[in-house]
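Please read the structure below before turning to the comments.
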Protein chains: 2
Amino acid sequence: MKTYTIRELSQLTNTPASALRYYEDIGLLTNVAREGSKRIYNDFHLARLHAIQCFKNTGMSIAKMQDFFRYEENIPEHIDAIIQLVTEHEADIEKQIAILQKELSHIQHKVRFYNGIKKAITEDRCWPEWEEV
Amino acid sequence: MKTYTIRELSQLTNTPASALRYYEDIGLLTNVAREGSKRIYNDFHLARLHAIQCFKNTGMSIAKMQDFFRYEENIPEHIDAIIQLVTEHEADIEKQIAILQKELSHIQHKVRFYNGIKKAITEDRCWPEWEEV
DNA sequence: GTAACACTTCAAGTATACTTGAAGTCAAGA
DNA sequence: TCTTGACTTCAAGTATACTTGAAGTGTTAC
C-alpha cells in the first residue's frame with residue numbers, strides 16, 4: 001500500500017500540514033503511523049481526507065464529522081445513527097442549495113440593476129427603476 | 001413612513017437586537033434615528049436588513065458588505081466597483097451551488113450505501129459494495 | 001414611590017477552525 | 001563537524017461574527 005509523508009498528503013489534498021496535524025489531534029485522522037517521529041499516511045488517510053473535504057465543503061461541523069467517523073468504526077452498532085446523520089446532512093445540503101438559488105436571483109437582479117444604471121450614466125439618460133430591469 | 005423599535009425590527013427580520021446594534025456599530029446600518037436614546041428604524045433600514053441577510057445567506061463577508069453599502073452612498077462615483085462587487089458575488093454563488101451539487105451526489109451515494117448496509121444487516125445478507133449502490 | 005420593563009453603552013467573552021511561533025529532533029550533504 | 005531542511009510538539013494566537021454581562025436610563029403599571 002502506498003504511503004505518504006505529511007508534505008505529500010498536504011499537496012495531494014491541498015490541505016496545510018498544520019491542518020493535517022490538527023485533524024489528527026481532534027481524532028478526524030486516526031491510526032497515523034510514525035517513522036521515528038514523522039507521520040506516515042496511507043490510502044486510508046487519503047480517502048478519509050476526501051470525505052472530510054466533502055463534509056467541509058458542504059458545511060458540516062467538525063463535531064459532526066467526529067461523530068460520523070466514530071460511528072464508522074463500528075457500523076453495525078451505529079447504523080441508525082449513521083443513516084440519520086447522512087440523511088440529515090443530505091437535507092441540509094438541499095436546503096443550502098435552495099437558499100443559494102433563491103438569493104442568486106436577487107443578486108442577478110442587482111447585477112442587471114447596476115448595469116442599467118451604468119448604461120444610463122454613460123448615455124446620460126435617467127436611471128432605471130428596480131422593477132424594470 | 002413607518003417606523004420600528006429595535007424589538008419590532010428584530011422580530012420582523014428574525015435578527016437579534018444585539019446584531020442590529022452591532023450592524024450599526026460597524027456601519028452596515030446607518031442613520032438610525034433616536035427617540036431619547038432609543039433607536040428608531042424605518043423602511044429604509046428594513047430594506048437594508050433584507051439586503052444584509054441576502055448577502056449573509058450567500059456567504060458574503062461583513063467587510064464586503066461594508067464596501068458595498070459605502071459604494072451605494074455615492075453610486076455614480078462607484079458604479080464600476082459596485083458592478084464588479086455584485087458580479088463577483090454572483091459568480092461566487094454559482095460556484096458554491098456547483099460545489100454543493102457535486103458534493104450532494106456524494107452524500108446521496110453515502111445515504112444509499114448505508115441504507116444498503118442496514119438492509120443487509122436486517123436481512124442477514126452480505127453488505128453491498130460502495131460501487132453497487 | 002417603587003417596581004418592572006425595555007431600552008441604552010461599552011468592554012469582554014464566545015464558537016469554530018485552524019495557524020503561528022518557539023524550541024527541539026533527526027538524517028543527509030559539503 | 002556543521003549546516004540545512006523537513007519534520008516534531010505544544011501553547012498561544014487569529015479571524016469572523018456576533019453575544020453576553022454589567023451598570024445605567026427612562027417610561028409605564030400598581
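Note: hydrogens, waters and symmetry copies are ignored here, and every other heavy atom, side chains too, is used. Chain A is the first sequence line, chain B the second, and so forth, proteins listed ahead of strands; every chain is numbered from 1.
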Would you mind reading off the distance between B/D25 atom CG and C/dA12 atom P, rounded to a whole angstrom? 15 Å

I would like to know whether A/Y41 and A/T3 meet side chain to side chain contact (heavy atoms under 4.5 Å, CB included); could you show each step before the answer? CA-CA 5 Å; A/Y41 300 94; A/T3 62; over 6 Å; no

Could you tell me how the ring of A/W130 sits relative to the ring of A/F113: parallel (under 30°), tilted (30 to 60°) or perpendicular (over 60°)? perpendicular

Between A/E103 and A/H106, is any side-chain donor less than 3.5 angstrom from a side-chain acceptor? yes

Between N or O atoms, less than 3.5 Å apart, protein on one side and nucleotides 15-20 of chain D on the other: list the pairs.
unit_1 : atom_1 : unit_2 : atom_2 : d
D/dA17 : OP1    : B/I62  : N      : 3.3
D/dA17 : OP2    : B/I62  : N      : 3.2
D/dC18 : OP1    : B/K56  : NZ     : 2.6
D/dC18 : OP2    : B/Y23  : OH     : 3.1
D/dC18 : O5'    : B/Y23  : OH     : 3.3
D/dT19 : OP2    : B/S18  : OG     : 2.6
D/dT19 : OP2    : B/A19  : N      : 3.3

Within the 4.5 Å heavy-atom criterion, are A/R112 and A/H109 side-chain neighbours or not? yes

Would you say B/R7 reaches C/dT8's phosphate, i.e. side-chain N/O to OP1/OP2 under 4.0 Å? no

Under a 3.5 Å cutoff, is there a donor and acceptor pairing between the side chains of A/E72 and B/Y114? yes

In whole angstrom, what separates A/E35's CD from C/dC26's P? 14 Å

Is there a side-chain contact between B/T5 and the phosphate of C/dC7, meaning an N or O under 4.0 Å from OP1 or OP2? yes

Quick one, B/I121 and B/W127 - any side-chain contact, counting heavy atoms below 4.5 Å? yes

Would you mind classifying the nucleic acid contact of A/I6 as base, sugar-phosphate or nothing, using non-hydrogen atoms under 4.0 angstrom? sugar-phosphate

Are OP1 or OP2 of C/dT9 and a side-chain N or O of B/R34 less than 4.0 angstrom apart? yes

Indicate whether OP1 or OP2 belonging to D/dT8 is found under 4.0 Å from a side-chain N or O atom of A/R39. yes

Check the distance between D/dC10's C1' and A/I26's CD1 and give it to me in whole angstrom. 16 Å

